[in-house]
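Heads up, the thing below is written out as structure tokens.
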Amino acid sequence: MEKRDIIIIGAGPAGLTTAIYSARADLKPLVIEGYASGGQLMITTEVENFPGFSEAITGPELISEMRKQAEKFGAEFLTTDVTKVELKDDVKIVYDGETAYETKTLVISTGATANLLGIESETRLMGRGVSACATCDGFFFRDKTICVIGGGDSAMEEATFLTKFASKVYLIHRREEFRASKIMIKKAEDNPKIEFVLNALIEEVVGEEVVTGIKIKDKISGKTSTIDLDGVFLAIGHTPSTKLFKDIIKTDEKGYIITGNEHGKTATNIPGVFACGDVQDSRYQQAITAAASGCMAALDAEKYLEEI
Ligand code: NAP
């Protein structure tokens with residue numbers, strides 16, 4: 001069995017920063033990046049708030065640069081999905097199907113995935129007008145009418161981005177207040193192609209073969225109405241990717257890994273196992289905070305290795 005000092009699961013900004021720091025500490029990290037590597041940045045358009053880039057950089061470009069930097073210092077990458085972990089003992093075992101890897105420390109940076117509404121019509125019409133990825137699917141809605149559901153930064157960002165293609169974008173939110181930052185709300189409000197529909201609960205995505213509309217209920221008046229449109233983009237938050245670690249690693253009620261103890265700010269309840277990025281952060285969820293916690297995980301793992 002291949003033996004390592006450090007294995008990193010996940011290769012978004014958190015995992016890649018852990019890889020850069022631990023490679024520079026000569027720990028020869030193995031990054032198991034998953035088939036959908038890169039995390040949320042891979043479906044982000046322009047990143048304008050990552051320090052160091054006075055001109056916006058795209059999410060995929062930023063990830064590509066981070067990956068190159070990690071490789072330059074000797075990090076190795078494996079493009080596969082981890083299928084199982086055994087974390088009971090001092091030595092942790094990570095499985096990729098039948099292949100097992102032994103490691104003294106494990107860093108979990110598996111990120112979070114987009115939430116869905118959980119209604120039948122949404123599942124049935126997924127990929128037929130319903131999408132959870134504006135950057136992936138926006139192109140298909142040139143000169144069409146679409147909506148974005150949500151009231152956070154993602155909803156504002158995606159609504160604004162989608163006006164590049166769509167002729168009209170409804171931003172549908174279930175309240176009057178937004179979680180999004182003021183600057184992003186203003187950008188959306190100032191865009192003549194965007195119309196806000198507030199206090200609106202989604203009852204159904206309308207359409208047989210493809211999306212033809214959305215049925216909403218006004219929370220105040222109780223009235224239902226249908227908006228005719230061609231596409232529905234979901235931007236209603238994320239769920240941490242912790243399925244692999246269920247009942248092994250302690251999480252909070254939303255499923256985010258709980259970190260922080262005598263082994264460091266990124267240490268989990270299992271000695272030698274650390275977590276960083278969106279998988280342990282329900283509050284900030286920024287590329288820069290994920291990268292920062294990735295750095296902490298590398299330093300915590302390094303210290304732990306010295307101690308054992
Ligand atoms: P979020 O801030 O959690 O917002 C999710 C939105 O979806 C909320 O407005 C919520 O409504 C709504 N929602 C949740 N479940 C819903 C449901 N079942 N039906 C209808 N609406 C529902 O998520 P996010 O926008 O993805 O942002 C996550 C984090 O990433 C945030 O920290 C954000 O700042 C960050 N982010 C930053 C940028 C940037 O700076 N460029 C871009 C994107 C995201 P309620 O408000 O009523 O709960």
Side-chain angles (χ1 to χ4, degrees), residues 12-14 38-53 55-63 111-123 126 130-136 138 147-162 169-189 191 194 196-205 214-220 224 227 232-241 252-256 277-293:
Q40 295 293 308
L41 276 185
M42 296 305 280
I43 53 167
T44 299
T45 50
E46 292 194 328
V47 181
E48 291 179 326
N49 52 9
F50 200 91
F53 297 91
E55 295 301 321
I57 182 166
T58 69
E61 274 168 354
L62 185 55
I63 285 294
T113 52
N115 289 341
L116 303 179
L117 292 165
I119 54 177
E120 183 275 332
S121 50
E122 165 198 59
T123 320
M126 185 61 73
V130 177
S131 168
C133 178
T135 35
C136 319
C147 74
V148 173
I149 301 169
D153 281 331
S154 298
M156 299 301 152
E157 184 177 77
E158 291 182 12
T160 305
F161 167 72
L162 287 164
V169 178
Y170 290 99
L171 188 130
I172 303 180
H173 181 37
R174 63 184 176 185
R175 295 191 291 146
E176 255 171 57
E177 302 76 29
F178 298 103
R179 283 173 200 269
S181 51
K182 289 203 173 72
I183 187 166
M184 293 180 82
I185 299 170
K186 173 113 183 39
K187 212 166 164 183
E189 277 174 344
N191 191 314
I194 299 178
F196 283 61
V197 181
L198 304 182
N199 294 313
L201 303 174
I202 311 300
E203 299 233 298
E204 190 189 337
V205 181
I214 192 152
K215 195 166 154 193
I216 53 170
K217 182 177 178 180
D218 187 296
K219 222 166 67 179
I220 314 281
T224 54
I227 302 176
V232 174
F233 285 85
L234 302 158
I236 58 168
H238 296 85
T239 299
S241 306
D252 66 13
E253 71 286 352
K254 286 184 186 162
Y256 288 88
D278 288 2
V279 75
Q280 52 86 59
D281 171 23
S282 61
R283 186 180 171 122
Y284 299 104
Q285 299 194 325
Q286 304 294 306
I288 188 69
T289 50
S293 71

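All of these numbers come straight from a predicted model, not from anything done at the bench. One-based numbering, in listed order, for ligands and for the atoms of each.
- Closest heavy-atom approach to atom 26 (O) of ligand 1 among the candidates Ala235, Gly152, Ala112, Ser154: Ser154.
- Residue Met156 places no heavy atom under 4.0 Å from ligand 1.
- A pairwise comparison of heavy atoms in Gln40 and Ala114 identifies NE2-N, 4.5 Å as the closest pair.
- Of the heavy atoms in Gln285, both backbone and side-chain atoms come closer than 4.0 Å to ligand 1.
- Considering only heavy atoms from C-beta on, Ile149 comes within 4.5 Å of Val232 through its side chain.
- The ring of Phe233 has its center no closer than 6.0 angstrom to the ring center of Phe161.
- Nearest protein neighbour of atom 16 (C) of ligand 1, counting heavy atoms only, is Arg174 NH1, 3.3 Å.
- Of all atoms in ligand 1, numbered sequentially from 1 with element shown, those under 4.0 Å from a heavy atom of His238 are 26 (O).
- Among protein heavy atoms, the minimum distance from atom 23 (O) of ligand 1 is reached at Gly237 CA, 3.5 Å.
- Of the protein's heavy atoms, Arg179 CD, 4.0 Å lies nearest to atom 1 (P) of ligand 1.
- With Asp252 contributing its side chain and Gly255 its backbone, the two residues share a donor-acceptor pair below 3.5 Å.
- A donor-acceptor pair under 3.5 Å is formed between the side chain of Asn115 and the backbone N or O of Thr239.
- Residue Gln286 has at least one heavy-atom neighbour below 4.0 Å for each of these atoms of ligand 1: 32 (O), 33 (C), 34 (O), 35 (C), 36 (N), 37 (C), 40 (O).
- A pairwise comparison of heavy atoms in Ile214 and Cys147 identifies CD1-SG, 4.1 Å as the closest pair.
- Considering only non-hydrogen protein atoms, atom 47 (O) of ligand 1 sits nearest to Arg175 NE, 2.7 Å.
- The environment of Ile183 atom CD1 is sparse: at most 12 non-hydrogen atoms of other residues, nucleotides or ligands sit within 6.0 angstrom.
- Of all the atoms in ligand 1, the ones that sit under 4.0 Å from a non-hydrogen atom of Tyr284 are 32 (O).
- Taking any N or O of Ile149, backbone or side chain, none lies under 3.5 Å from an N or O belonging to ligand 1.
- In this comparison of Leu201, Asn115, Asp153, Asn49, the heavy atom closest to atom 38 (C) of ligand 1 sits on Asp153.
- Looking at Gln280, its side chain does come within 3.5 Å of a backbone N or O of Gly277 through a donor-acceptor pair.
- Which parts of ligand 1 touch Arg283 is read off a 4.0 Å heavy-atom cut-off, strictly below it: atoms 32 (O).
- Contacts of His173 with ligand 1, taken as heavy-atom pairs under 4.0 Å, involve the side chain alone.
- Scanning the protein for heavy atoms near atom 19 (N) of ligand 1, the closest one is Leu117 CD2, 3.5 Å.
- Heavy atoms only, all atoms of each residue included: Phe178 and Leu171 are closest at CE2-CD2, 4.1 Å.
- No side-chain heavy atom of Ile202 sits under 4.5 Å from any side-chain heavy atom of Glu122.
- The single protein non-hydrogen atom nearest to atom 9 (O) of ligand 1 is Gly151 N, 3.0 Å, given as residue, atom name and distance.
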Worked check of side chain to side chain contact (heavy atoms under 4.5 Å, CB included) between Ser154 and His238: CA-CA 10 Å; Ser154 298; His238 296 85; 4.2 Å; yes

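- Close contacts of ligand 1 with Glu157, meaning ligand atoms under 4.0 Å from a residue heavy atom, involve 41 (N), 42 (C).
- Considering only non-hydrogen atoms, atom 21 (N) of ligand 1 lies nearest to Ile236 out of Ile202, Leu116, Ile236.
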